[in-house]
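Contents: one structure, followed by commentary.
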Amino acid sequence: MTDQSIYRAVLLDHFHNPRNKGDLGDMQIVRRGSNPRCGDEIEIGINCENNTLESVRFRGRGCSICLASASLMTESARGLKLTQARDLIEKMQLWFGDQGGVGPPGMGLAALGSVRQHPARKKCVLLAWQALDEILDEIERHPEIVGA
Amino acid sequence: MTDQSIYRAVLLDHFHNPRNKGDLGDMQIVRRGSNPRCGDEIEIGINCENNTLESVRFRGRGCSICLASASLMTESARGLKLTQARDLIEKMQLWFGDQGGVGPPGMGLAALGSVRQHPARKKCVLLAWQALDEILDEIERHPEIVGA
Amino acid sequence: MAAVDFEALRDDFPNLADGQPPLHYLDSAASTQKPACVIESIRHCYAHEYGPVHRGLYPLAENASENYEAARRTLARFINAGTTDQVVFTRSATEAINLVASGWAATHLQSGDEIWVSQMEHHSNFLPWQRVCNQRDARLRIIPVDDRGRLDLENAPELFGPRSRLIAISQMSNVLGTINPVREVVEHARRHDIPVLVDAAQSVGHMPVDVQELDCDFLVASAHKMCGPTGIGFLYGTSARLRETEPLLLGGGMVDEVGIDHSSWAEIPARFEAGSPNLAGAVGLATAVDYLSTIGLKAIEQRVRDLTDYAYQTLEAFDEVLLYGPETGNERGGILSFNIEGIHPHDVAQVAGEQGVAIRAGHHCCQPLMQRLGVSSTARASLNFYNNEQDISALADVINETVKLFGKR
Amino acid sequence: MAAVDFEALRDDFPNLADGQPPLHYLDSAASTQKPACVIESIRHCYAHEYGPVHRGLYPLAENASENYEAARRTLARFINAGTTDQVVFTRSATEAINLVASGWAATHLQSGDEIWVSQMEHHSNFLPWQRVCNQRDARLRIIPVDDRGRLDLENAPELFGPRSRLIAISQMSNVLGTINPVREVVEHARRHDIPVLVDAAQSVGHMPVDVQELDCDFLVASAHKMCGPTGIGFLYGTSARLRETEPLLLGGGMVDEVGIDHSSWAEIPARFEAGSPNLAGAVGLATAVDYLSTIGLKAIEQRVRDLTDYAYQTLEAFDEVLLYGPETGNERGGILSFNIEGIHPHDVAQVAGEQGVAIRAGHHCCQPLMQRLGVSSTARASLNFYNNEQDISALADVINETVKLFGKR
Ligand SMILES: Cc1ncc(COP(=O)(O)O)c(C=O)c1O
Ligand SMILES: Cc1ncc(COP(=O)(O)O)c(C=O)c1O
C-alpha cells in the first residue's frame, strides 16, 4: 500500500472504527443522502444548541470511502458554529470541485485528498457532507426545530 | 479522354444525337421514370403490334448518361418481342446489379459498361429501362391497350 | 478446428502488450480492447481513403461509399443476414433499440398491449420499452429470473399471450453471463406472431450468432464490445419488420423527395441512417469482424469458456465470495459477478485497480436485476479470448488483499 | 495576427499530400479532410489509452473518462459555452437537431403553433421540424430566400409573431455559402421569447463561433466537417433549455434510478448521452479543435474568403456559368454552387472527378432550396483553408473540358 493509495491508514481506521456512528433516534434533525448508482446510503443526524453543532452522528451503508468520509465529517463538524459548518462544507466542495489549487479545509481531512484523483468516487466522499448541508438549510428555514 | 472514361464516344454520340427522341403524343403507352435525387426525368412511350415493340421513343431531361442510356434503350428494344424485351431488361439489371461476372446483354450496349464502376450513376442508366419494364407490366395487365 | 495460439494473440492488442506493470483487463463486457489491425484500418481510412460517403461522383467519394457498403456486407455475412440491406448502422446498440422502440413499437402498440423484457435486461433494453409503454398506455411486463440467474419462463405464463406485442431479451446477460434460450423463445413467439428483439451486445463477437438460425425479428449490438471502434453499432431486422419501422432520425440521406408538408423516405436501410455516415466506424467494425472471423467464433467461445471455468473455480474457492449467475457450462458466457461478504464492491474494484486488475463495480446498468439479487451493486470480472490464467490469478490476489484490508477483523 | 503559412499546412493532411496526380479536394462542405494530428490522437487513444468511459475505478477507465470529459471542456471553450455541461456529444449535427425536435419541440408545441425554418435549410434542419409539426398539429413556416440567396426576413412578417415557437436556421448555407444574420434574428427572437436553434454544421471550424455572443438557445455541428472524425457531433444548449429537453435516447448512463414503472434521469449532459460514449470520437474532435484553434479561426476565415473571391471571379468569367448565392464579401463563406448552361451537374462532377477535381453535384440535401432556385441540382465547389489557387485553376480547366464535351455544338 503506497502513500498515494486512497486506502490510507486514516481512512481504513475510520472505516473499521467509525466515530459517532449508530442510532439517530434522539437527534433533532436527520437527513438522508443516497447514491443509487452504487447503493451508498447514509443518514446524518445532529443536535444543535446555541447555534452550535453539539453532536453529529451517522449511520448507513456504503463503500469504505463513503463511510470513512462520514465518520471524518462528524468529527470535524462537531462543536462548530452553524456558520463555521457551512463554511467547512463549502470548502470541501471547492476542494473536490473541478478547480485545482485549493487545499483541504482542515488537517484532519487531508486523508480524503487521495480520493480526489478518482473522480468516480467524489460522490462517495461528498454524500455525508451534502446531507449535513441539507440539515443546515433546514435549520435556516425552521430555526425553531433546534430551539432557536 | 481514356478508354476507361465513361464518356466514351458512343455515349457522347447518343447524348448529342439522341435516337428516337421527341414527341410521345401518338404512343399507346407512356411511362415516366424520375430520380428526384438528381432531377433526371424521362418518359418512355411505345407502340406495340403482334406482341412486338414496333416503336420505342423517349423524351425528358437528365444527365448525359441518363439520356444516352435512354437513347440506347430505344434502339435495342425496338423490334423485340415483348418476352425478348423483358429478357433484355432483366439482363441489364443483372449486369448493373451487385453480382459480377455478367456481360452486357448486347453489343450495342457495351458502352454503358463504363458506368458500372460508378455506382452512384447506375440509377441514371437504369431509369429508362425501368420505365420500359413498367410499360411491359401494364401490357400484361391490360393487353387490350395494344390491341391484343 | 485448428488450435489457435491465444497467448500469441495478446500481442495483437497494443494496449495489453504495453503494460509495465502488466494490465489484467477483466472489463471486456464494458468494452473490449482493440487489435492493431482495427486501429490501422481506421488510420488508413482517414489518411488515405477519406471522402464523403454516398453520391459523390469522384473516385475518392466513390471509394468511400464502396468501403462503407462493403462494411455492411461484411457485417451482414458475419451474422448471416438474409440480405445486406437488413443491416442498419447505428450509433450503438442503445440507439438501435431506441429505433425499434420509437419506430416500430410506438406505431404498433395499442392501449393494453404488452411488451415483455426480462428482469436481467440492461437499461438500454429496458428504458426505451418503459417509455414507449407509458406513451402508448401499454404494459411493460417482466420475465422473472430464477435463483440460478436464468430466465424463469415457467413463471411468465402470459409471455405468449394475446396482448403480448413484442419480446425484447438479451442473448447474454452483462451481469450474470447467462446465455438465454433465445432460439426457444423465438420459436414459441413465432407461433403467436410476436416479434422478438435480441439484445446481442454481449454475444456478437463472443460466440457464433446467426440471425437466420435464431429466426429473430430484430437484433442489435455495438462495435466497441466486439473489438471494434467506439461510436458505431448496428440493427439487424427482417425485411418485413424494417418495412414496418419508422425512422428515428430524419435528415440528409434518408429521404427521396422533400416537400414543404410531407416527404417520402428513401429505400431501406438508407432510410434509417440520416446524417453523414460514420465511415471510419464502419470500416473499423468490418475489420474487427474479419479479425474475429479469422480466429473463429467457435474457438473464441471455447477459449472463453475454459477461462470462465477456471475463474469460476478460483472465485468459488473463497469462503467470503458470493458468485451470481448460472454455474459454468454451456449456458454461461465469460462474465462473473460476485460480492465479498461485508465489503462494498467499490472497494474491491479500487484495490483491483491499484493492483493492475481492471474489474467493474456497480449496478452495471441493470438496476432491476440488482433488485432481484437483493444488492445495490456487484463486482464484475468479464473475460475475452485475450485473457489468460495469470489475469485470473491476479484477481485472486485482489480478493485476498481486499479481505485483508476491509474484512471484519 | 501572425501570418499563417497555409501552403505549408497542406502537408498536415496525408490524404492531400498523397496524391499523384494531385487531388484537388473541393468538397469540404460534404466532409473535410483530416490532419495527421487528429488521426494520430485516435490511434493513440485506441492503442494506449483505451478503456470504458464513466464509472470505472481502475486507472485506464479513469483516464478514459477524464479524456472524454476533457474533450467536452475543449469543445465548450471553443464555442465559448458558459459552462461545460452545456455541451452534449451526439452522433452528428443531424442527431442533435432531432434531439431538440423530439425532446424540446414535441413537448412545447401546441396545436396551431409555428416552427420557422428557412428555404435554404439542409434536410437535417428541415425534416425533423416537419415531422414534429405534423405530429403536434403545428405549422412549419418558411423564411423565404431572396434572389441573391439571402434570408428575406422582410417577407416573413410573422416570424416573431405570437404563434412562433421556435426558429431553426443555419449559420452558413451548404449550397449558397450565405452567412445568415443569426445574431440579428436571435436579438429579435429574444424580445418575443422565441428560442433559436442554429445549425452551425458549415460554420463551426470555419469562422469564429461564439454561442454567448450569438446568444442562441441551441447550436449544433458535426465533427467530420471541421477536420474531426466521423460519427460524432454535438449539441450546445443553454442550461435552461437543456433542462426543458427530454432525452432522445434512453439507456445506459443516462438514468439515476430505474424503477419498473418510472425512472429518473441523470444530470445534464449525461441525460442526453445514453449508451457507451464515443471516446475515440470525442478525443479526435478535441484534437481537431486544438488544431484549428492553433491556426486561428480568424485566419482560417480570411484564407477561405480570399480563395472564395478568387474562385468567384474565376467562375464568373465563364459565360456559360451561372453562379448562385450572394456575391463575395462578408456575407458569404467558401461554398460556390453553379450550373453550366445546358449541361447536367452530374456531367460536370464526373468530368471533374476524372480530372482529379472533387466537387459535388446534386441537391445537396436542400430540395426546398432547389425548388426556389428552379433547378433540380447544382454543381458545388466548397473550400477549406487547405485549398489553394491551383485547386481553383483545376476547376476552371474542368469547366472548359465539360463545355467542350457536352456543350451545344
Ligand atoms: C447546413 C448543414 N446542416 C446539417 C448537416 C448535417 O450534418 P451531418 O450529416 O453531419 O449530421 C449538414 C451536412 O450534411 C449541413 O451542411
Ligand atoms: C446487454 C447489453 N445491452 C446493451 C448494452 C448497450 O450497449 P451500448 O452502450 O454500446 O449502446 C450493453 C452494454 O453497455 C449491454 O451489456
Side-chain angles (χ1 to χ4, degrees), chain C residues 14-15 18 27 30-31 33-34 39 42-43 46-48 50 52 55-61 91-92 94-95 98 122-124 126-128 130-131 142 222 224 229-232 249-252 255 258 260 263 274-276 278-281 346 349-350 352-353 358 360-362 365 367-368, chain D residues 14-15 18 27 30-31 33-34 39 42-43 46-48 50 52 55-61 91-92 94-95 98 122-124 126-128 130-131 142 222 224 229-232 249-252 255 258 260 263 274-276 278-281 346 349-350 352-353 358 360-362 365 367-368:
Chain C
N15 208 20
D18 259 5
D27 199 14
S31 200
Q33 292 297 328
K34 316 303 171 202
I39 304 170
I42 294 168
R43 191 198 65 74
Y46 283 130
H48 303 296
Y50 188 71
R55 284 183 299 290
L57 294 174
Y58 49 91
L60 203 62
R91 158 186 177 150
S92 58
T94 299
E95 188 199 320
N98 278 274
H122 189 278
H123 292 166
S124 290
F126 190 93
L127 294 167
Q130 185 179 66
R131 174 157 73 178
I142 315 285
S222 277
H224 73 97
T230 59
I232 189 159
L249 304 180
L250 306 189
V255 272
V258 175
I260 295 299
S263 303
S276 303
N278 184 351
L279 173 63
H346 269 188
Q350 188 86 44
R360 172 71 40 137
C365 298
Q367 287 182 27
Chain D
N15 209 20
D18 262 3
D27 200 13
S31 198
Q33 293 297 329
K34 317 304 172 202
I39 303 170
I42 294 168
R43 190 197 67 75
Y46 283 130
H48 304 297
Y50 188 71
R55 282 183 301 290
L57 294 175
Y58 51 92
L60 203 61
R91 158 186 177 150
S92 58
T94 298
E95 188 199 322
N98 279 274
H122 189 278
H123 293 166
S124 291
F126 189 93
L127 294 168
Q130 184 180 66
R131 173 157 74 179
I142 314 284
S222 277
H224 73 96
T230 58
I232 190 161
L249 303 180
L250 306 189
V255 273
V258 175
I260 295 297
S263 305
S276 303
N278 185 351
L279 173 62
H346 270 188
Q350 187 87 44
R360 171 71 41 138
C365 298
Q367 287 183 25

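Every chain is numbered from 1, with letters handed out A, B, ... down the list of sequences. Since we're looking at a predicted model, the values are computed, not measured.
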Quiz item: Are C:Q33 and D:L60 close enough, and set up right, to give a side chain to side chain contact (heavy atoms under 4.5 Å, CB included), and what steps lead you there?
Solution: CA-CA 11 Å; C:Q33 292 297 328; D:L60 203 61; 3.7 Å; yes
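Listed here is the closest heavy atom pair of D:H123 and C:G252: CB-N, 4.0 Å. Closest approach of C:Y58 and D:G353 over heavy atoms only: CB-CA, 3.7 Å. Of all heavy-atom pairs between C:L127 and D:L250, the closest is O-CD1, 3.5 Å.
D:N98 touches chain C through its side chain: at least one heavy atom from C-beta onward sits under 4.5 Å away, while N, CA, C and O do not. At a 4.5 Å heavy-atom cutoff, the contact between C:H48 and chain D is made by backbone and side-chain atoms alike. Of the two parts of C:F126, only the side chain, counted from C-beta on, holds a non-hydrogen atom closer than 4.5 Å to a non-hydrogen atom of chain D. D:S222 does not touch chain C: none of its heavy atoms, backbone or side chain, sits under 4.5 Å away. Proximity to chain D is limited to the side chain of C:P368, based on heavy atoms less than 4.5 angstrom apart. Heavy-atom distances place the side chain of D:Q130, and not its backbone, under 4.5 Å from chain C. For C:A47, the parts lying near chain D are the backbone and the side chain together; criterion is any non-hydrogen pair under 4.5 Å. Looking at D:V255, only its side chain comes within 4.5 Å of chain C, counting heavy atoms on both sides. Both the backbone and the side chain of D:I260 come within less than 4.5 Å of a heavy atom of chain C.
For the set D:A61, D:G231, D:P59, D:A349, the count of heavy-atom pairs under 4.5 angstrom toward chain C peaks at D:G231. Per-residue counts of heavy-atom pairs under 4.5 Å with chain D were compared for C:S124, C:G281, C:G362, C:A280; the largest is that of C:S124. The candidate with the highest count of non-hydrogen atom pairs below 4.5 Å against chain D, out of C:C365, C:P128, C:A30, is C:P128. Counting heavy-atom pairs closer than 4.5 Å to chain C, the top residue among D:S31, D:A352, D:P52 is D:P52.
A distance of 9.5 Å separates CG in D:N278 from NE2 in C:H224, rounded to the nearest 0.5 Å. Here the straight-line distance linking atom OG of D:S263 with atom CZ of C:R131 works out to 11.0 Å at 0.5 Å rounding.
Under a 3.5 Å cut-off, the side chain of C:Y46 and the backbone N or O of D:T230 do form a donor-acceptor pair. Counting only distance, with no hydrogens or angles, the side chain of C:S92 and the backbone of D:G275 share no donor-acceptor pair below 3.5 Å.
Every residue two or more places apart in sequence or in another chain that forms a salt bridge (Lys or Arg N to Asp or Glu O under 4.0 Å) with D:R43 is listed here: D:E40. Contacts of C:A274 classified as side chain to side chain contact (heavy atoms under 4.5 Å, CB included), with partners at least two apart in sequence or in another chain: C:L249, C:M254, D:T94.
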